[in-house]
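We name chains A, B, ... by the order of the sequence lines, and we start the count at 1 in each one.
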2 protein chains.
Amino acid sequence: MSMMHDIPTLLRSHDLRLTPQRLTVAGLVLSKQAHVTARGVYQQLKDDHPALSMNTVYLTLGQFEACGLLQRFEMNGNAVFDSNTARHDHASCSRCATIIDLPGEEDEPPWIPASLLDWQIQSEQRIWTGLCPACRTDSDSAQLSD
Amino acid sequence: MSMMHDIPTLLRSHDLRLTPQRLTVAGLVLSKQAHVTARGVYQQLKDDHPALSMNTVYLTLGQFEACGLLQRFEMNGNAVFDSNTARHDHASCSRCATIIDLPGEEDEPPWIPASLLDWQIQSEQRIWTGLCPACRTDSDSAQLSD
DNA sequence: TTCTTAAATAGTAAAGATTCCTAACAGGAG
DNA sequence: CTCCTGTTAGGAATCTTTACTATTTAAGAA
């Protein structure tokens, strides 16, 4: 996300026409740090914007990813789009499915294992899975009844 | 994979009945270091074993995972089962979809970021994506025609 | 060996995510 | 204003995975 551009300028700079649908989706996914799925975007917008189809959501998110405006990763078999395009990792709760960003290791240089020296690495993804603080507590007390 | 048990013994030790289907799937996925998908297993076995359904493949792989005989991870939206159950990372070619194991960092202790200290971490997954050596070469020459 | 029972299986249906297809539509340059 | 091309909605299609159910069967007991 860029502080120096409003959304129309940002889209125009990537040769994307300023359609109402695109502006709507952009307003949602580029304006705050969040992890969204195609379905999530559609659900949040469809009431206020009946002229919006799942198809367009998929296309738009894909275009934003191609432009580098969003970062895409897979979580539990679903595509998740992240407006935080800086290098960072994720953690996901295996119980409530919450996803959080982990602060990037700016001090730790992008490290590539020696066995990949003859590859042309494009990206790295790291995901920790476990119980978030809230679910860990719930799980502890649930053990009495389970 | 255990060197000290044959497959029937291994299955029995996990309270799994020795059905032909289960033995067949086990023979394929537990006998060599490989990454398989449910569909891949089914495709490889269905000709020689007509009495095998996708459903059974899914169930069997799921049971093997529950027993700790296989490790499961997601790649490109598909479930992948790995007979290498030791802690290790993966790299995947974005062009030919090949998946390779990266030698585990036995020297590097399981590292958990400070922001997850109040989580109960269950697993960590790290995936590098890029062009494998073969595809990188193909891609270089393809640029002339693309 | 035969019996018994719970586990396992095949087949089908269903659910959910994503892509494909196509005709209609509309942004924006000229 | 007009035209061209990118964009969109809607529906169909594809693919993966899970759910359901009647039937079969492994394996221990008699």
Side-chain angles (χ1 to χ4, degrees), chain A residues 7-29 35-67 69-70 72-81 97 99, chain B residues 7-29 35-67 69-70 72-81 97 99:
Chain A
I7 284 180
T9 308
L10 187 60
L11 296 186
R12 247 192 280 263
S13 74
H14 289 284
D15 291 318
L16 296 174
R17 286 188 187 173
L18 302 186
T19 70
Q21 293 90 337
R22 195 169 279 158
L23 287 166
T24 300
V25 173
L28 178 65
V29 303
H35 308 100
V36 297
T37 61
R39 174 149 305 275
V41 170
Y42 180 70
Q43 294 292 342
Q44 288 182 66
L45 297 177
K46 66 170 182 175
D47 289 335
D48 289 340
H49 305 271
L52 179 69
S53 67
M54 272 297 282
N55 202 344
T56 298
V57 173
Y58 274 106
L59 282 168
T60 306
L61 293 178
Q63 287 167 329
F64 288 176
E65 183 206 359
C67 293
L69 298 174
L70 292 177
R72 177 189 183 137
F73 61 95
E74 303 278 338
M75 183 72 79
N76 304 322
N78 284 22
V80 178
F81 294 87
I99 301 173
Chain B
I7 284 179
T9 308
L10 188 61
L11 297 186
R12 247 192 280 264
S13 74
H14 288 284
D15 291 317
L16 295 174
R17 287 188 186 172
L18 302 186
T19 70
Q21 293 90 338
R22 194 170 280 157
L23 287 166
T24 300
V25 173
L28 178 65
V29 303
H35 308 100
V36 297
T37 61
R39 174 148 306 275
V41 169
Y42 180 69
Q43 295 291 342
Q44 289 182 67
L45 296 178
K46 66 171 181 174
D47 289 336
D48 289 339
H49 305 270
L52 179 68
S53 67
M54 271 297 283
N55 202 343
T56 298
V57 173
Y58 274 106
L59 281 169
T60 305
L61 293 178
Q63 286 167 330
F64 288 176
E65 183 207 359
C67 293
L69 298 174
L70 292 177
R72 177 189 182 136
F73 61 97
E74 303 279 337
M75 183 73 79
N76 304 322
N78 283 21
V80 179
F81 294 86
I99 300 174

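A:Arg22 has its CZ atom 13 Å from the C1' atom of C:dG28, to the nearest Å. The CG atom of B:Leu16 sits 16 Å away from the C1' atom of D:dT25 (whole-angstrom rounding). Whole-Å rounding puts the A:Gln63 CD to D:dG6 P distance at 11 Å. With rounding to whole Å, A:Leu11 atom CG is found 17 Å from D:dG6 atom P. Rounded to whole angstrom, the span from the CG atom of B:Leu52 across to the P atom of C:dA8 amounts to 15 Å. For the pair B:Tyr42 OH and D:dC15 P, the interatomic distance rounds to 14 Å; values are reported in whole Å. Rounding to whole angstrom units, OH of residue B:Tyr58 and C1' of D:dT17 are separated by 5 Å. Taking atom CD on B:Gln21 and atom P on D:dT24, their separation rounds to 14 Å, with Å as the unit.
Interface remark: the A:Arg17 side chain does form a donor-acceptor pair with the D:dT5 base, using a distance-only criterion of under 3.5 Å.
Contact check of residues 73-81 of chain A against DNA chain C (heavy atom, cut-off under 4.0 Å) returns A:Asn78, A:Ala79.
Sequence order on DNA chain D of the closest nucleotides to B:Arg39 and B:Pro20 puts B:Arg39 first from the 5' end.
In the set C:dG27, C:dT9, D:dA9, the nucleotide with an atom closest to the side chain of A:Thr56 is D:dA9. Listed nucleotides C:dG28, C:dT9, C:dG11 differ in distance to B:Leu59; the shortest reach to its side chain belongs to C:dT9. In the set C:dT12, C:dG28, D:dA27, C:dG28 carries the atom at the smallest distance from any side-chain atom of A:Leu18.
Annotation: side chain of B:Phe81 is not in contact with side chain of B:Val29 (no heavy-atom distance under 4.5 Å). Taking 4.5 Å as the limit, every side-chain heavy atom of A:Lys46 sits out of range of all side-chain heavy atoms of A:Gln44. B:Tyr42 is not listed as a side-chain neighbour of B:Asn55, based on a closest heavy-atom distance of 4.5 Å or more. Side-chain contact between A:Met75 and A:Ile99: present, with at least one pair of heavy atoms (C-beta onward) separated by less than 4.5 Å. The shortest distance between side-chain heavy atoms of B:Gln63 and B:Arg22 falls below 4.5 Å. Looking at heavy atoms from C-beta onward, A:Thr60 lies out of side-chain contact with A:Gln21 at the 4.5 angstrom threshold. At least one side-chain heavy atom of A:Arg12 sits under 4.5 Å from a side-chain heavy atom of A:Leu18.
Taking only side-chain nitrogens and oxygens, A:Thr37 never comes nearer than 4.0 Å to OP1 or OP2 of C:dA17.
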